[in-house]
Structure formats: C-alpha cells, structure tokens
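First up is the structure itself, then whatever we jot down about it.
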Amino acid sequence: KRSVMERFNEPVVIIPSSTHELLAIPVSQISSFREIDEMIQSINASEVAAEDYLSSHCYLLKEDLSITMPTMAEELAMKSTETCSVSIRI
C-alpha cells in the first residue's frame with residue numbers, strides 16, 4: 001500500500017480486476033466512483049471467470065493507508081475540487 005501511495009502521492013482508487021490482478025488509479029483521474037463500479041460489474045459479467053471473481057466495487061486507498069469503499073461524501077468532495085475552464089465569446 002505504501003509504495004502505491006508514494007508513487008501517486010494522493011488517494012488512489014483500487015479496481016479489482018480478478019484474483020490475479022488489480023488496477024490503481026489516482027483519484028484525480030476518476031470522474032465518478034459509481035461509474036467505476038458500473039464498469040467493474042459489466043466486465044465481471046462478461047469477461048471474468050467465476051473462480052477469478054473478486055469484487056463488484058472499487059475501493060479507496062487513503063493517505064493513512066486505510067482501504068474503504070468510497071462514500072457519497074467523498075465523491076461529492078472529489079467533484080468540488082475539480083476545475084473546469086469556460087470560454088465565452090462576446
């Protein structure tokens with residue numbers, strides 16, 4: 001866990017791929033935990049053998065090295081820190 005946090009230097013979304021592998025993505029690169037969960041469920045249904053199935057949800061590796069399922073509050077907090085640019089033509 002520590003080496004993953006050191007590599008990204010921010011909370012990380014853990015996506016269980018199978019009993020053999022997982023994906024780690026910096027939370028700043030995720031737009032929605034719910035969309036990630038839906039993607040995991042879709043891939044599990046079509047691509048993962050029953051004996052390799054691990055989970056239907058993503059997990060959040062936090063700075064304190066705890067791993068939890070993301071909460072709605074964490075998703076809202078993530079969205080409130082996103083930035084966007086708007087171009088206005090006058």
Side-chain angles (χ1 to χ4, degrees):
K1 291 190 268 185
R2 186 172 311 281
S3 64
V4 171
M5 288 299 295
E6 289 171 354
R7 180 176 185 108
F8 294 113
N9 201 31
E10 67 176 288
V12 175
V13 175
I14 302 296
I15 300 173
S17 181
S18 73
T19 56
H20 305 288
E21 64 185 354
L22 59 82
L23 305 171
I25 301 174
V27 74
S28 62
Q29 301 299 310
I30 301 294
S31 60
S32 167
F33 296 123
R34 182 175 297 139
E35 288 176 9
I36 297 297
D37 282 351
E38 290 170 0
M39 178 190 69
I40 293 168
Q41 292 160 12
S42 173
I43 292 171
N44 281 344
S46 63
E47 304 294 327
V48 178
E51 62 271 11
D52 292 333
Y53 172 83
L54 193 56
S55 176
S56 294
H57 302 282
C58 64
Y59 298 88
L60 186 59
L61 173 59
K62 299 179 182 180
E63 291 93 344
D64 66 1
L65 302 181
S66 65
I67 298 177
T68 63
M69 289 181 67
T71 65
M72 181 61 76
E74 287 165 329
E75 179 145 359
L76 291 173
M78 180 178 69
K79 289 185 181 296
S80 71
T81 61
E82 292 178 357
T83 59
C84 65
S85 61
V86 177
S87 176
I88 301 173
R89 180 174 285 159
I90 300 178

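Values reported hereafter were calculated over all heavy atoms of this structure, with side chains retained and with hydrogens, waters and symmetry mates removed. Quick caveat: nothing in here was measured; it's all calculated off a predicted structure.
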Considering residues, nucleotides and ligands other than Asn9, do more than 12 of their heavy atoms fall under 6.0 Å from its CG? no
Is it the case that the side chain of Ser55 and the backbone of His57 share a donor-acceptor pair, with hydrogens and angles ignored and the cut-off at 3.5 Å? yes
- Keeping the roles fixed (side chain from Glu63, backbone from Glu10), state whether a donor-acceptor pair exists under 3.5 Å.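 No: the side chain of Glu63 does not pair with the backbone of Glu10.
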Any non-hydrogen side-chain atom of [X] less than 4.5 Å from a side-chain atom of [Y]?
| X | Y | result |
| --- | --- | --- |
| Tyr59 | Pro16 | yes |
| Pro26 | Val12 | no |
| Leu61 | Pro11 | no |
| Leu22 | Ile15 | no |

| field | same_hphob_cluster(Ile14, Leu54) at 4.5 Å side-chain heavy-atom cutoff | value |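 In one cluster with Ile14: Leu54, no.
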TODO: Please assess Asn44 against Ser56 for the test side chain to side chain contact (heavy atoms under 4.5 Å, CB included), listing each intermediate value before the final yes or no.
DONE: CA-CA 7 Å; Asn44 281 344; Ser56 294; 4.1 Å; yes
Note to self: Restricting to non-hydrogen atoms, name the atom on Phe33 and the atom on Val27 that form the minimum distance, rounded to 0.1 Å.
What the structure shows: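 Closest pair (atom of Phe33, atom of Val27, distance): CZ-CG2, 3.9 Å.
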All heavy atoms of Val13 vs all of Cys58, minimum pair found to be CG1-CB, 3.8 Å
Dump the intermediate steps for side chain to side chain contact (heavy atoms under 4.5 Å, CB included) on Met69 and Leu60, then the final yes or no. CA-CA 6 Å; Met69 289 181 67; Leu60 186 59; over 6 Å; no
Please name all residues satisfying side-chain hydrogen bond (donor to acceptor under 3.5 Å, both in side chains) with Ser42, sequence neighbours left out, ordered by chain then number.
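Per chain and number, Ser42 pairs via side-chain hydrogen bond (donor to acceptor under 3.5 Å, both in side chains) with no residue.
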Between the CG atom in Asp37 and the OG atom in Ser32, the distance rounded to the nearest 0.5 Å is 8.5 Å
